[in-house]
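Data block below; observations after.
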Amino acid sequence: MPDFRTLTIHPDAQNPRIARLTLNRPERLNAIDEAMPGEIRAAVDWAVANDDVHVIVVQGAGKGFCGGYDLSQFAQGQIDHPCQQERAPWDPMVDYAVMKRYTEDFMSLWRCPKPTIAQVHGAAVAGGSDIALCCDLLVMADDARIGYMPTRVWGCPTTAMWTYRLGATRAKQLMFTGDVIDGRTAAAWGLANEAVPADQLDAAVRRLAERIAGVPRSHLAMHKLVANQVLLTMGLEQTQQLATLFDGITRHNPEGLWFRRYAQAEGFKAAVQWRDSGQPIPEGDDARRRITELERQLAEARAAAGQGSARPSL
């Protein structure tokens with residue numbers, strides 16, 4: 001079996017026609033780090049090359065599917081990363097190149113010739129919802145949650161799958177609010193194929209996967225290509241280019257920089273609590289004033305710790 005750091009993949013113990021791809025950072029709620037997107041693509045490539053595999057089930061270890069990007073690294077962490085550049089001026093094309101690669105890695109689930117099923121328990125939120133919605137089919141526990149809360153500040157879903165999966169009206173509702181919905185609602189809205197009680201989720205996904213696994217690989221590939229071509233004709237690739245560029249802007253404009261500085265000063269849990277609470281997000285000149293104050297606090301804290309930098313060393 002392939003050996004990965006952030007996930008595992010192997011044939012199902014009862015049916016080798018089913019591959020089980022498990023996101024495996026349970027101590028971080030399977031949060032996305034720099035390695036996970038590429039490892040998802042490599043795992044999909046392994047399943048595609050395995051002639052025994054007819055369908056891929058994507059699931060999460062531990063308490064949930066995936067809690068999104070690891071904010072302890074990308075938001076709170078004192079790092080200089082292409083997706084959160086502190087040097088000025090910000091280079092949007094460096095940011096775009098990295099995030100577009102991550103998006104293409106997630107989209108390997110959508111582009112591969114074998115059907116993919118997201119089995120969602122707990123949370124599939126923020127970047128975790130990108131992974132789930134790049135799968136062809138979605139089966140959720142009734143009490144599971146899916147949504148993209150960073151649309152409130154510091155994010156734009158780069159895969160742009162919400163509108164294609166839900167239609168513009170429902171997608172706008174979720175993008176404008178950052179709200180999450182449970183499995184029951186996702187099924188009622190047509191986002192999920194099925195929602196079942198949590199203790200029945202494994203059995204429901206197995207029934208679906210085994211039903212699909214009995215179909216010849218060539219037929220599955222052709223049907224998937226036909227369905228995918230409809231979305232491509234509608235402009236999916238062009239929409240993803242725009243969304244990925246906008247994602248970078250949301251992280252580097254005054255509102256996005258305020259969120260990062262607040263996370264660095266107060267911790268990412270406090271920043272997320274503010275973001276999701278419904279209280280107004282600082283913007284424009286207000287955000288700039290708050291950034292200045294937060295940077296002063298951070299500099300004082302670093303000086304007190306003997307690090308002596310006038311601003312965060314990222």
Side-chain angles (χ1 to χ4, degrees), residues 1-70 73-74 98-140 144 146 157-159 161 193 201-202 205-206 208-210 212-213 215 217-218 220-221 224-225 228 240:
M1 294 297 101
D3 185 21
F4 297 114
R5 181 170 64 80
T6 68
L7 56 84
T8 64
I9 189 166
H10 55 79
D12 181 82
Q14 299 178 37
N15 188 337
R17 290 186 170 213
I18 301 169
R20 296 273 178 178
L21 192 165
T22 304
L23 307 178
N24 194 34
R25 299 186 72 220
E27 73 286 354
R28 298 295 306 157
L29 299 178
N30 300 318
I32 301 162
D33 65 4
E34 291 183 303
M36 183 179 285
E39 291 194 345
I40 289 174
R41 186 191 289 224
V44 170
D45 288 345
W46 173 86
V48 170
N50 186 331
D51 287 343
D52 289 336
V53 173
H54 286 225
V55 58
I56 304 167
V57 173
V58 184
Q59 57 196 21
K63 295 181 179 179
F65 183 82
C66 177
Y69 283 90
D70 194 334
Q73 295 181 18
F74 292 102
V98 173
M99 290 308 299
K100 192 64 166 69
R101 185 177 72 247
Y102 289 171
T103 302
E104 293 300 313
D105 290 340
F106 298 152
M107 285 292 287
S108 66
L109 294 159
W110 189 82
R111 290 196 174 92
C112 78
K114 299 182 179 183
T116 54
I117 305 171
Q119 176 176 324
V120 174
H121 74 294
V125 293
S129 68
D130 279 325
I131 297 172
L133 296 184
C134 282
C135 293
D136 301 307
L137 305 176
L138 175 62
V139 181
M140 298 180 65
I146 190 167
T158 61
T159 63
M161 280 294 187
N193 297 83
L201 182 61
D202 287 342
V205 172
R206 178 171 294 281
L208 179 59
E210 289 187 339
I212 293 169
V215 178
R217 292 192 317 275
S218 62
L220 293 171
K224 182 167 178 173
L225 283 169
N228 283 3
Q240 288 180 340

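Keep in mind that what you see is a predicted model, and the values were worked out from it rather than measured.
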Sequence neighbours left out, what passes side-chain contact (heavy atoms from CB on, under 4.5 Å) with [X]? Give chain and number order.
{"X": "D45", "result": "R41"}
{"X": "R101", "result": "V98, D105"}
{"X": "A209", "result": "I18, V55, V57, I117"}

Side-chain heavy-atom pair [X], [Y] within 4.5 angstrom cut-off:
{"X": "C112", "Y": "I56", "answer": "yes"}
{"X": "L21", "Y": "T116", "answer": "no"}
{"X": "P37", "Y": "I32", "answer": "yes"}
{"X": "D70", "Y": "R25", "answer": "yes"}
{"X": "Q240", "Y": "T158", "answer": "no"}
{"X": "I9", "Y": "W46", "answer": "yes"}
{"X": "D202", "Y": "Q119", "answer": "yes"}
{"X": "V48", "Y": "P113", "answer": "yes"}

Could you tell me the separation between the [atom1] atom of [X] and the [atom2] atom of [Y], rounded to the nearest 0.5 Å?
{"X": "T6", "Y": "I40", "atom1": "OG1", "atom2": "CD1", "value": "6.5 Å"}
{"X": "Y69", "Y": "E34", "atom1": "OH", "atom2": "CD", "value": "10.5 Å"}
{"X": "T103", "Y": "D130", "atom1": "OG1", "atom2": "CG", "value": "7.0 Å"}

Show the nearest heavy-atom pair for residues [X] and [Y], with the distance to one decimal.
{"X": "G68", "Y": "A126", "answer": "CA-CB, 4.0 Å"}
{"X": "P11", "Y": "P16", "answer": "CB-CA, 4.1 Å"}
{"X": "A132", "Y": "A118", "answer": "O-CB, 3.8 Å"}
{"X": "W110", "Y": "N228", "answer": "O-ND2, 2.9 Å"}
{"X": "L23", "Y": "M36", "answer": "CD2-SD, 4.1 Å"}
{"X": "A124", "Y": "S129", "answer": "O-CB, 3.5 Å"}

Seminar exercise, completed: Sequence neighbours excluded, the answer for side-chain hydrogen bond (donor to acceptor under 3.5 Å, both in side chains) partners of K224 is D136

Problem set entry | Worked check of salt bridge (Lys or Arg N to Asp or Glu O under 4.0 Å) between R28 and D33 | CA-CA 10 Å; R28 298 295 306 157; D33 65 4; over 6 Å; no

For this session: Could you give me the CA-CA distance, side-chain angles and deciding distance for L208 and V139, then say whether side chain to side chain contact (heavy atoms under 4.5 Å, CB included) is met?
Result: CA-CA 9 Å; L208 179 59; V139 181; 3.9 Å; yes

Expected list for residues 58-67: side-chain donor-acceptor pairs under 3.5 angstrom, two or more places apart:
from, atom 1, to, atom 2, distance (Å)
Q59, OE1, R20, NH1, 3.1
Q59, NE2, T22, OG1, 3.0

Exercise. Are T8 and N24 linked by a side-chain donor-acceptor pair shorter than 3.5 Å?
Worked result: no

Problem set entry | R217 vs R17, side chain to side chain contact (heavy atoms under 4.5 Å, CB included): CA-CA, chis, key distance, verdict | CA-CA 10 Å; R217 292 192 317 275; R17 290 186 170 213; over 6 Å; no

Problem set entry | Working for side chain to side chain contact (heavy atoms under 4.5 Å, CB included), residues R206 and D12 | CA-CA 10 Å; R206 178 171 294 281; D12 181 82; 2.8 Å; yes

For this session: Go through the structure and list residues passing salt bridge (charged side-chain N to carboxylate O under 4.0 Å, His left out) with E104, not counting sequence neighbours.
Result: K100, R111

For this session: Look only at the side chain of H54 and the backbone of I212, and say whether a donor-acceptor pair between them is shorter than 3.5 Å.
Result: no

